[in-house]
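First the structure, in the form of structure tokens, and then the observations on it.
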Protein chains: 2
Amino acid sequence: MAKQELSIGALGKLTGTKVETIRFYEKIGILPAPARTAGNYRSYGHDHVRRLTFVRRVRDLGFPLETVRAMLDLADQPDRPCGEVDALVLGQLNEVERKIADLERLRDELDRLAHQCRRGGRVAECRIIEALSPHHEDGHCCP
Amino acid sequence: MAKQELSIGALGKLTGTKVETIRFYEKIGILPAPARTAGNYRSYGHDHVRRLTFVRRVRDLGFPLETVRAMLDLADQPDRPCGEVDALVLGQLNEVERKIADLERLRDELDRLAHQCRRGGRVAECRIIEALSPHHEDGHCCP
DNA sequence: ATGGACCCTGGAGTTACTACAGGGTCAAGA
DNA sequence: TCTTGACCCTGTAGTAACTCCAGGGTCCAT
Ligand SMILES: [Zn+2]
Ligand SMILES: [Zn+2]
Ligand SMILES: [Zn+2]
Ligand SMILES: [Zn+2]
């Protein structure tokens with residue numbers, strides 16, 4: 001492969017992306033289809049490296065692919081106002097903060113649950129199972 | 001529907017589960033197939049209410065369905081030692097703590113990113129886009 | 001010329017649901 | 001009695017973002 005031209009495997013190594021993922025991004029239009037060699041191998045250049053690196057960075061920040069697409073669009077139109085970019089980042093920040101709060105509540109519940117078990121007993125006496133089981137008697141639920 | 005017998009919709013309301021989800025749980029063997037009425041409607045009793053409530057509680061704690069299945073198995077065999085239950089809970093606790101740590105790192109990065117944008121500019125000068133873009137020059141990546 | 005590392009396409013599998021489409025059932029009101 | 005609307009049935013396909021596989025081709029070195 002010529003200088004400045006990368007095979008799909010080389011591009012993957014360079015960007016920390018699996019080969020299948022690169023082909024997937026091409027199929028859904030996140031990455032443009034590259035040139036092909038005589039043997040029908042994909043052949044990537046600098047623009048592809050730049051674009052895929054950008055995509056991976058944004059993905060690693062937890063943005064969905066739809067947002068990646070929006071950011072690529074914005075990055076390609078330098079004259080648009082950049083408030084939209086800011087809004088995307090703030091939206092993701094909120095999302096992440098919401099998820100953290102959810103998981104912290106979950107962690108507290110699991111922690112309480114974990115302390116219920118005095119190990120060594122049988123399932124029949126397990127407080128964890130008990131705590132998870134509904135105390136449901138006849139007539140409690142069904143009118 | 002007779003006393004003590006619930007339609008799928010009533011069971012859903014009682015347990016906070018969508019009708020489709022209940023049918024899905026039946027298909028994958030999480031819930032046993034209930035009796036049917038003359039008109040071929042599913043007809044649920046107390047055991048179903050108890051079991052589905054248990055499933056939902058475990059799911060709400062973030063356990064995957066595979067673990068739900070394991071817990072149901074354990075709950076059905078009261079003579080097994082309960083260390084296994086404890087292990088499942090501790091495993092999930094670790095998992096949740098790992099996710100929280102990941103998200104906190106993400107939040108910090110997003111927070112830094114959000115402060116880069118002095119709003120009102122054009123995308124061309126946006127520091128967010130710049131921060132996400134690789135500084136990739138010719139010869140930098142390709143041997 | 002032959003072996004192994006790499007590449008190709010197309011399709012299926014993953015998780016835990018959710019959303020139809022195209023029908024049947026049931027109870028209540030006019 | 002008829003009809004209307006809420007509910008139920010099955011079966012299939014769609015979601016997010018990949019990941020894996022089968023069954024083949026290409027390339028390079030020995
Ligand atoms: Zn226990
Ligand atoms: Zn009941
Ligand atoms: Zn900006
Ligand atoms: Zn390069």
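Because only heavy atoms are used, hydrogens play no part in the values below, and waters and symmetry mates are left out as well, while side chains stay in. The chains referred to below are lettered A, B, ... by the order of the sequence lines, with proteins before strands, and numbering in each begins at 1.
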Nearest-Å distance, [atom1] ([X]) to [atom2] ([N])?
X       : N      : atom1 : atom2 : answer
B/Tyr44 : D/dC8  : OH    : C1'   : 11 Å
A/Glu5  : C/dC7  : CD    : P     : 14 Å
B/Ile22 : C/dA16 : CD1   : C1'   : 15 Å
A/Glu20 : C/dT14 : CD    : C1'   : 14 Å
B/Glu26 : D/dG11 : CD    : P     : 11 Å
B/Asn40 : D/dC7  : CG    : P     : 19 Å
B/Leu52 : C/dC17 : CG    : C1'   : 14 Å

Side chain of [X] only, please: which of [options] is the nearest?
X       : options               : answer
B/Ile8  : C/dT18, D/dG25, D/dC9 : D/dC9
A/Arg23 : C/dC8, D/dC9, D/dT19  : C/dC8
A/Arg36 : C/dT9, D/dC20, C/dC26 : C/dT9
A/Lys18 : D/dC20, C/dC7, C/dA19 : D/dC20
A/Phe24 : D/dA17, C/dT18, C/dC7 : D/dA17

Taking NZ, NE, NH1 and NH2 as the nitrogens, is one of them in A/Arg51 or A/Asp76 under 4.0 Å from a carboxylate oxygen of the other?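 Salt bridge: yes.
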A/Arg122 bridged to A/Glu125 by N-O distance under 4.0 Å: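 Salt bridge flag = yes for A/Glu125 with A/Arg122.
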I want to check one thing: is the phosphate of [N], taken as OP1 and OP2, less than 4.0 Å away from some side-chain N or O of [X]?
X       : N      : value
A/Tyr25 : D/dA17 : no
A/Thr21 : D/dT19 : yes
A/Arg42 : C/dC8  : yes

Does B/Arg59 reach a base, just sugar-phosphate, or nothing at all? Heavy atoms under 4.0 Å.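 Sugar-phosphate: the residue B/Arg59, judged by heavy atoms under 4.0 Å, touches backbone atoms but no base.
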Reckon B/Lys27 touches a base, only the sugar-phosphate, or nothing at all at heavy-atom distances under 4.0 Å?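 If one applies the 4.0 Å heavy-atom cut-off, B/Lys27 turns out to touch a base.
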Let me know, please, whether A/Arg56 or B/Ala10 comes out on the 5' side of the other along DNA chain D by nearest nucleotide.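 Its nucleotide being nearer the 5' end, the pick is B/Ala10.
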A/Leu103 versus B/Ile100, closest heavy-atom pair with distance: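 Here A/Leu103 and B/Ile100 meet closest at CB-CG1, 3.5 Å.
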Nearest heavy-atom neighbours spanning B/Pro34 and B/Glu26: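 Closest pair (atom of B/Pro34, atom of B/Glu26, distance): CD-OE1, 3.5 Å.
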Please list, in numerical order, the residues of residues 63-73 of chain A that have a heavy atom closer than 4.0 Å to any atom of DNA chain C.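 Close to the strand, none.
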Say whether B/Tyr25 and B/Arg56, considering side chains only, have a donor N or O and an acceptor N or O under 3.5 Å apart.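 Indeed, the side chains of B/Tyr25 and B/Arg56 share at least one donor-acceptor pair under 3.5 Å.
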Around A/Gln77, counting heavy atoms of other residues, nucleotides and ligands shown, do more than 12 lie under 6.0 Å from its CD?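 Above 12, so yes.
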Are there more than 12 heavy atoms of other residues, nucleotides or ligands under 6.0 Å from atom CZ of A/Arg127?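 No - once you tally the heavy atoms of other residues, nucleotides and ligands closer than 6.0 Å, there are 12 at most.
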With rounding to the nearest 0.5 Å, note down the distance linking CD in A/Glu104 to CG in A/Asp111.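 Result: 12.5 Å between the selected atoms.
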